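One structure is given below, encoded as structure tokens.
The first residue in the sequence is number 1, and the count goes up from there. On a predicted model such as this, the values are computed, not experimentally measured, just so you know.
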Amino acid sequence: IEIENRKILENKELDIFLPTLNLAFEINGLFWHSELNGKDNKYHVEKLEECNNKGIRLIQIFEDEWLYKQEIVKSKIAHLINKNDKPKIYARKCYVEEIDNNYKKEFLLKNHIQGDDVSRIKLGLWLPKDDGDELVAVMTFCKPRISLGQKNNTNYNYELSRFATDMDYRVVGAFGKLFNYFKKHYKFNNIITYADRRWSEGNVYIKNGFELDHISKPNYWYFKNEKIRYHRFNFRKQNIKKLFPDIYDDNKTEIEMMNELGYDRIWDCGNL
């Protein structure tokens, strides 16, 4: 394990580098990696692409993910470095069933780094057990989201919103089993989904019939002292007007008003 490597990228540092795996990790503190500290919309994605061009996979972890989702982060890292020694389960020995919102919410909060969602279709993969069947994977679908620019897009019937497996197991074939159930039981023309480039190369989607449409530009989140990121969609000008009427001004931009409220923003690497 190499710490603070400055040899690979010219004038840039990699926090952690595993040369035998060509894998690197960056721990992005929200304050130090924010826009007001000089990290613009190109900073994180350029570092990612520079690593990719050298055959290195770069994982970028935001501070709030480490603070509040640490067990999920550790589980993802264990998988990436081939050190996941959890018991193995085969999806072919499980069955799929639609689940209610309570099951879905509890499972996603425990096992998905983005947490819960708002979804219409909630599928669970259950492991039969003598003492009560166990939920070991979840896949959800929703209508294409306005916040991701799909309000008027009629090309897609559904968005695959979340997929997660239980951190306590290695669930082999879970994605395919759940997705095949969806394709068999629901009518659709096209499905869209997103893979966060900080964490994913989209391989599981490609293996299951998806095609890469495009790579989006970096997106941003707002944060304040509590070190929790809030999606920019929550702070559109119309929302600022409702939430903070005392400071709202038609002549000011969204970011000007958010800075006035004490918020900074941090950029990601975009989505596949």
Can you find a side-chain donor-acceptor pair between [X] and [Y] that sits under 3.5 Å?
X    : Y    : value
E226 : Y230 : yes
Q70  : K74  : yes
K242 : N239 : no
D133 : Y95  : yes

If you look at every heavy atom in [X] and [Y], which pair is closest and at what distance?
X    : Y    : result
L108 : T140 : CD1-CG2, 4.4 Å
K237 : K252 : NZ-O, 2.9 Å
C269 : Q60  : SG-NE2, 3.4 Å

Side-chain (N102) to main-chain (K105) donor-acceptor, under 3.5 angstrom: no

With E10 via side chain to side chain contact (heavy atoms under 4.5 Å, CB included) - residues at least two apart: none

Should [X] and [Y] count as side-chain neighbours, where that means a heavy-atom distance under 4.5 Å?
X    : Y    : value
W199 : I113 : yes
F223 : S34  : yes
Y220 : I266 : no
N84  : N82  : no
L178 : V96  : yes

Sole residue of D268, D264, D64 in salt bridge (charged side-chain N to carboxylate O under 4.0 Å, His left out) with R229: D64

Whether F182 and F141 hold their rings parallel, tilted or perpendicular, with breakpoints at 30° and 60°: parallel

Plane angle bin for F175 and F179 - parallel if under 30°, tilted between 30 and 60°, otherwise perpendicular: tilted

Ring pair (Phe, Tyr, Trp, His ring centres under 6.0 Å) pairs, two or more places apart, involving residues 58-79: none

Only distances under 3.5 Å count here; give the side-chain donor-acceptor pairs of residues 40-56 to other protein atoms, sequence neighbours excluded, each with its distance to 0.1 Å.
from, atom 1, to, atom 2, distance (Å)
D40, OD1, K42, N, 3.0
D40, OD1, Y43, N, 3.2
H44, ND1, W267, O, 2.8
H44, NE2, H33, ND1, 3.0
K47, NZ, E13, O, 2.8
K47, NZ, E26, OE1, 2.9
E49, OE2, R197, NH1, 3.4
E50, OE2, K12, NZ, 2.7
N53, ND2, E49, O, 3.2

Test side chain to side chain donor-acceptor pair (under 3.5 Å) applied to N111 - qualifying residues, sequence neighbours left out: none

Other cluster members, L36 - Ile/Leu/Val/Met/Phe/Trp/Tyr, side-chain contacts below 4.5 Å: none

Qualifying side chain to side chain donor-acceptor pair (under 3.5 Å) pairs, either residue in residues 165-179, two or more places apart: K110-D168, E134-Y169

ring-ring contact (aromatic ring centres under 6.0 Å, His included) evaluation trace for W126 with Y103: CA-CA 12 Å; W126 293 86; Y103 273 119; 5.5 Å; yes

Criterion ring-ring contact (aromatic ring centres under 6.0 Å, His included) on Y158 and F188, from CA distance to verdict: CA-CA 7 Å; Y158 289 102; F188 66 94; 7.3 Å; no

